[in-house]
Enquirer: 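Please read through the structure below; I'll follow up with questions.
The analysis underlying the following values was restricted to heavy atoms, covering all of them including side chains, and did not include hydrogens, waters or symmetry mates. Numbers for residues simply follow the sequence, beginning at 1.
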Amino acid sequence: MSVPLYQAKAELFRTLGHPARIRVLELLQDGPKPVRDLLAAIDVEASNLSQQLAVLRRAGMVTTWRDGPLVMYALSTPDVADLLAAGRRILGAVLTDRDGLLDELRASGEGR
């Protein structure tokens with residue numbers, strides 16, 4: 001029995017529900033990187049990064065391969081970068097709307 005589309009989407013967004021995973025995906029937007037570079041750029045323990053990378057691999061959001069002694073990671077599709085960009089736009093709009101509301105409240109004297 002197949003999983004309904006809305007459940008598959010929910011699982012995709014749950015995958016994005018960890019700051020280290022988001023940071024990994026952001027770093028990989030510039031191209032493939034070895035694990036050591038990801039570890040240097042993200043303030044987590046190596047075992048934690050390994051767990052987060054495994055989650056991203058299982059979800060199909062990243063691909064991995066060996067390049068000599070290095071384990072390399074890359075985004076599985078440019079659509080992952082598009083999703084991150086959409087998230088930034090949505091967050092920017094939400095924060096802008098909140099700032100506008102706060103400014104409006106302050107101007108009307110109701111924000112006190």
Side-chain angles (χ1 to χ4, degrees):
M1 187 157 151
S2 66
V3 174
L5 182 57
Y6 63 88
Q7 280 186 314
K9 286 180 183 179
E11 186 59 36
L12 172 72
F13 285 107
R14 272 193 293 276
T15 299
L16 297 174
H18 193 285
R21 289 183 219 140
I22 295 292
R23 186 67 183 125
V24 165
L25 296 174
E26 289 174 343
L27 291 167
L28 294 177
Q29 289 181 98
D30 296 331
K33 298 214 178 339
V35 172
R36 68 175 185 208
D37 290 2
L38 296 172
L39 190 56
I42 302 173
D43 188 26
V44 296
E45 296 291 323
S47 60
N48 189 336
L49 179 60
S50 178
Q51 290 172 350
Q52 303 312 325
L53 289 169
V55 170
L56 291 170
R57 275 193 319 269
R58 282 192 302 273
M61 299 189 83
V62 297
T63 59
T64 183
W65 68 94
R66 283 202 163 276
D67 184 11
L70 302 176
V71 177
M72 302 293 293
Y73 279 84
L75 297 179
S76 61
T77 172
D79 292 334
V80 174
D82 294 343
L83 180 60
L84 293 173
R88 283 191 297 276
R89 287 191 306 274
I90 292 167
L91 187 57
V94 168
L95 294 177
T96 298
D97 289 348
R98 287 183 186 163
D99 289 344
L101 180 59
L102 184 58
D103 291 343
E104 190 177 321
L105 284 171
R106 285 183 179 150
S108 69
E110 295 176 29
R112 296 181 201 146

Enquirer: Under 3.5 Å, which donor-acceptor pairs link side chains of residues 76-89 to any protein atom two or more places apart or in another chain?
Expert:
from	atom 1	to	atom 2	distance (Å)
S76	OG	G60	O	2.6
S76	OG	M61	O	3.2
T77	OG1	D79	N	3.2

Enquirer: Between L70 and I42, is there a shared hydrophobic cluster once you connect ILVMFWY residues whose side-chain heavy atoms come closer than 4.5 Å?
Expert: no

Enquirer: Indicate the atoms forming the closest heavy-atom contact of W65 with Y73, along with that distance.
Expert: CZ3-C, 4.3 Å

Enquirer: For the residue pair T64 and M72, establish whether any side-chain heavy-atom pair is separated by less than 4.5 Å.
Expert: no

Enquirer: I'd like to check the side chain to side chain contact (heavy atoms under 4.5 Å, CB included) partners of V55; sequence neighbours left out, ordered by chain and number.
Expert: T15, R21, R58

Enquirer: I need the minimum non-hydrogen distance between Q52 and A20, along with the two atoms involved.
Expert: CG-CB, 4.0 Å

Enquirer: Can you confirm whether more than 12 heavy atoms, excluding those of E45, are under 6.0 Å from its CD atom?
Expert: no

Enquirer: Are F13 and L91 in one and the same hydrophobic cluster, where Ile, Leu, Val, Met, Phe, Trp and Tyr link if side-chain heavy atoms are under 4.5 Å apart?
Expert: no

Enquirer: Which atom pairs, donor and acceptor, lie under 3.5 Å between side-chain atoms of residues 28-40 and protein residues at least two apart or in another chain?
Expert:
from	atom 1	to	atom 2	distance (Å)
Q29	NE2	E26	O	3.4
K33	NZ	L27	O	3.4

Enquirer: Of all residues at least two apart in sequence or in a different chain, which pass the side chain to side chain contact (heavy atoms under 4.5 Å, CB included) check with Y6?
Expert: P4

Enquirer: To the nearest 0.5 Å, tell me how far Q7 CD sits from S2 OG.
Expert: 9.5 Å

Enquirer: Just verifying a value: how many Å separate H18 NE2 and N48 CG, rounded to the nearest 0.5 Å?
Expert: 5.5 Å

Enquirer: Does D43 have any side chain to side chain contact (heavy atoms under 4.5 Å, CB included) partners at least two apart in sequence or in another chain, and if so, which?
Expert: none

Enquirer: Please identify each residue that fulfils side chain to side chain contact (heavy atoms under 4.5 Å, CB included) with R14, with sequence neighbours left out.
Expert: A10, E11

